[in-house]
Amino acid sequence: MPVMDEFREERQALKNKSLKDKLSYFFDYYKWHTLAVIALVAVVISLVSSFINHKDWGFYVCLLNTSSFPWAETYVQNFAEYAGIDTDKYEVVFDTDMFINADMTGMETAATLQKITTYTMAGDADIMIAGSEFIERYANGKNFHDLRDILTPEQIALCQPYFYYVDQTVVDAVAEANKGGQTYELPYPDPKDPDAMQNPVPVGIYLDNCAALKENFNFISEEMVLGVYVNTSRTDIALKFIDYIFQ
């Protein structure tokens, strides 16, 4: 029997069946077609929703080896308001999905290092907050601003007791070693002792006196340091962030 004739007979037979039988027939016959269409529609809706709801970053903080408490969202929202960031248009990101092992091994460490490199080179990252033992390599790698160049006189007076220093002589030696594909193997100078350095430069701030920040984020390291990325395009907001956490 031709397919079309068989199809017509099935349609004629269905006319006399109950609604339950008709639905059962439809589901059995068109089940996979229906599921495929539903899946396709779901994918399209998801893509459209992501496109419509996508926001550019208004500020990005890398919080290394840190977790956030449930109420940290309010802290972040309050900062956005303090900094004048329109959260309807821009997203304020306090990224706690970053972890590095002390021995610098493991897949999670590798992924974090790549993530930091990518965001830094793209100029998307504004602030790094990390334990002093982890921020050392970035501080000596020309990643952070000389704070004397960007802080106001009032901020320098406030933050100077908490400055994290690098020796520019060592920083230059690290850069030279990297050019030749070598590794800088000498110990880094004590970041709290600028008098022992040939050319001390403040590139970070110890967060000892930032109680509110510590009430909202759980830091693994005891000594946390903040650095402002040298290639950020949002230095003005970074300075507002420093004011905010030192309130």
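For reference, positions follow the sequence shown, starting with 1.
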Next item on the list: Considering non-hydrogen atoms only, spot the tightest contact between Thr87 and Gln77 and give its length.
Entry: OG1-NE2, 3.9 Å
Notebook entry, point to check: Of all heavy-atom pairs between Phe134 and Asn101, which one has the smallest distance, and what is that distance?
Noted result: CE2-O, 3.8 Å
As an exercise, state the distance from [atom1] of [X] to [atom2] of [Y], rounded to the nearest 0.5 Å.
X	Y	atom1	atom2	result
Asp103	Thr109	CG	OG1	7.0 Å
Ile242	Leu151	CD1	CG	5.0 Å
Gln160	Arg148	CD	CZ	9.5 Å

Check: Any donor and acceptor pair, going by atom type alone, linking the side chain of Ser221 with main-chain N or O of Glu223 inside 3.5 Å?
Finding: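 The answer is no, because no donor-acceptor pair under 3.5 Å joins these two groups.
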Note to self: Using a 3.5 Å distance criterion without hydrogens, assess whether the side chain of Thr96 forms a donor-acceptor pair with backbone atoms of Leu63.
What the structure shows: no
Taking side chain as C-beta onward, heavy atoms only, is [X] less than 4.5 Å from [Y]?
X	Y	value
Asp126	Val61	no
Cys159	Leu147	no
Asn143	Thr120	yes
Thr66	Met224	yes
Cys62	Tyr119	no

Checklist line | Sidechain N-carboxylate O distance under 4.0 Å for Lys115, Asp95 | finding: yes
Next item on the list: Applying side chain to side chain contact (heavy atoms under 4.5 Å, CB included), run through Tyr229 and Phe144 and close with a yes or a no.
Entry: CA-CA 4 Å; Tyr229 279 107; Phe144 303 135; 3.9 Å; yes
Next item on the list: For the pair Tyr164 and Tyr206, name the ring-plane relationship: parallel under 30°, tilted 30 to 60°, perpendicular over 60°.
Entry: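 It falls in the tilted class, 30° to 60°.
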Next item on the list: Look at the aromatic rings of Tyr184 and Tyr188 and report parallel, tilted or perpendicular, splitting at 30° and 60°.
Entry: parallel
Next item on the list: Take Phe94 and Phe217 through the test ring-ring contact (aromatic ring centres under 6.0 Å, His included) and record every step on the way to the result.
Entry: CA-CA 10 Å; Phe94 281 51; Phe217 295 94; 5.7 Å; yes
Checklist line | Short side-chain donor-acceptor distance under 3.5 Å, Asp172 and Gln168 | finding: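 There is such a pair between these side chains.
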Next item on the list: Give a yes-or-no answer on whether the side chains of Gln114 and Thr118 include a donor-acceptor pair shorter than 3.5 Å.
Entry: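 Yes.
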Item checked: Qualifying residue for ring pair (Phe, Tyr, Trp, His ring centres under 6.0 Å) with Tyr82, from Phe241, Phe59, Tyr244 -> Tyr244
Check: Do other residues, nucleotides or ligands put more than 12 heavy atoms under 6.0 Å from Glu73 CD?
Finding: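 Atom CD in Glu73 is not crowded, with 12 or fewer foreign heavy atoms closer than 6.0 Å.
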